[in-house]
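I have placed the structure first, in the form of structure tokens, so that the comments after it can refer back to it.
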Number of protein chains: 2
Amino acid sequence: MATDPLSLVFQALADPIRRAILTRLTTGDATVAELAEPFDVTQPAISRHLKVLETAGLISRTRRATARLSHLEAEPLREVTTWLARYQQFWDESHERLDELLAALQSKRQDDPDRTDAVAEKGNGHG
Amino acid sequence: MATDPLSLVFQALADPIRRAILTRLTTGDATVAELAEPFDVTQPAISRHLKVLETAGLISRTRRATARLSHLEAEPLREVTTWLARYQQFWDESHERLDELLAALQSKRQDDPDRTDAVAEKGNGHG
DNA sequence: CGCATATTTAACCTACTCGTTTTGAAACAA
DNA sequence: TTGTTTCAAAACGAGTAGGTTAAATATGCG
């Protein structure tokens, strides 16, 4: 697996149990037993999920007697959002282009579907 | 691996090559050979990365003669952002706390808003 | 200390990922 | 048809992810 920070975070988020754990932690810190309760897996499995989340920087942990509390650390999620921001224009553009296409189809029988190929030609040049 | 849509997308993003491919596609559609060129892996490896991206819905593909063009599909990234929005308040809160901390320290320098290291110190109390 | 609680670690298993090389297939040109 | 180009699929190996059970560890109580 890739070990760069962003890959660690995405990898950590690529599991429904781990995402559910993060969601649960938005309501407050919790013990391992509390976090394990909703899921049909054993506690060691949850322990390892927590370790993955901790390695990704998505949680921090403290002790309270014999228990260990997990605490949500959202900063890496902010960095994910920063990375994603670069692509926001593309889903925005998709909607704009769809609107344009629909408008064009509505006004007249249009015939230039190769606009996307024009984009590909632009992509031919590297740099 | 989990097969729900969100997990597929996160899993697809958890690889630097695949993220770089998406970035490259923001400049326009590209062939497999063009996408493979910057990387030190063989063409079949890129083909499989593209299949992962396609399964996640992050690219679509069309033929142009013997070549196959990959096209960025940003919609799943928007859904990722929607999922992440839930956590925005938590890094906002972190910032409020960071601001308080900095106000408490209140002394020497107030230059960069980029001192995320302070957050790391707080969150990474690993030992 | 001895014991209980809460959690981690170890050992193991299965299945998947990501890379390789080799082979197959689709589109097209002569 | 044959050949070329471009890509996908097959087959294989090394490493990893995620699950299990069983044992080890850390903390607190009497």
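The basis for the numbers below is simple: all heavy atoms, side chains too, and nothing from hydrogens, waters or symmetry mates. Here is how names work: the chains are called A, B, and so on, in the same order as the sequence lines, proteins then strands, and each is numbered from 1.
- Residues meeting the side-chain hydrogen bond (donor to acceptor under 3.5 Å, both in side chains) test with Thr23(A), sequence neighbours left out: Tyr87(B).
- In this structure, the side chain to side chain contact (heavy atoms under 4.5 Å, CB included) partners of Arg64(A), at least two apart in sequence or on a different chain, are Thr31(A), Leu69(A).
- Checking the phosphate oxygens (OP1, OP2) of dG19(C), a side-chain nitrogen or oxygen of His49(B) falls inside 4.0 Å.
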With 3.5 Å as the limit, what N/O pairs link the protein to nucleotides 23-30 of chain C?
none

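- With sequence neighbours excluded, no residue forms a side-chain hydrogen bond (donor to acceptor under 3.5 Å, both in side chains) with Glu37(A).
- A 4.5 Å side-chain heavy-atom check between Phe90(B) and Leu25(A) finds every atom pair outside the cut-off.
- Not counting sequence neighbours, the partners of Asp29(A) by the side-chain hydrogen bond (donor to acceptor under 3.5 Å, both in side chains) test are His71(A).
- As rounded to whole Å, 21 Å separates atom P of dA14(D) from atom CE of Met1(A).
- For the salt bridge (charged side-chain N to carboxylate O under 4.0 Å, His left out) test, residues two or more places apart in sequence or in another chain that qualify with Glu54(B) are Arg61(B).
- The separation between Arg48(B) atom CZ and dT6(D) atom C1' is 18 Å, rounded to whole Å.
- DNA chain C is contacted by Thr31(A), Val32(A), Ala33(A), Gln43(A), Pro44(A) of residues 27-46 of chain A, taking any non-hydrogen atom closer than 4.0 Å.
- Of the residues in residues 8-16 of chain B, those with a non-hydrogen atom less than 4.0 angstrom from any atom of DNA chain C are Asp15(B).
- Look at CG on Leu50(A): it is 16 Å from P on dA17(D), rounded to the nearest Å.
- One distance of note links CD of Gln89(B) with OG1 of Thr26(A); it measures 7.5 Å at 0.5 Å rounding.
- The distance between atom NZ of Lys51(A) and atom P of dG18(D), rounded to the nearest whole Å, is 13 Å.
- With side-chain heavy atoms closer than 4.5 Å counting as contact, directly or through intermediates, the hydrophobic cluster containing Met1(B) also holds Leu8(B).
- Looking at residues two or more places apart in sequence or on another chain, you find no side-chain hydrogen bond (donor to acceptor under 3.5 Å, both in side chains) involving Thr55(A).
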Atom pairs and distances, side-chain donor-acceptor, residues 9-17 of chain B, under 3.5 Å, sequence neighbours left out:
| unit_1 | atom_1 | unit_2 | atom_2 | d |
| --- | --- | --- | --- | --- |
| Asp15(B) | OD1 | Ile17(B) | N | 2.8 |
| Asp15(B) | OD1 | Arg18(B) | N | 3.2 |

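- An OP1 or OP2 oxygen of dT27(D) is reached within less than 4.0 angstrom by no side-chain nitrogen or oxygen of Arg68(A).
- Looking at residues two or more places apart in sequence or on another chain, you find a salt bridge (charged side-chain N to carboxylate O under 4.0 Å, His left out) between Arg19(B) and Asp4(A).
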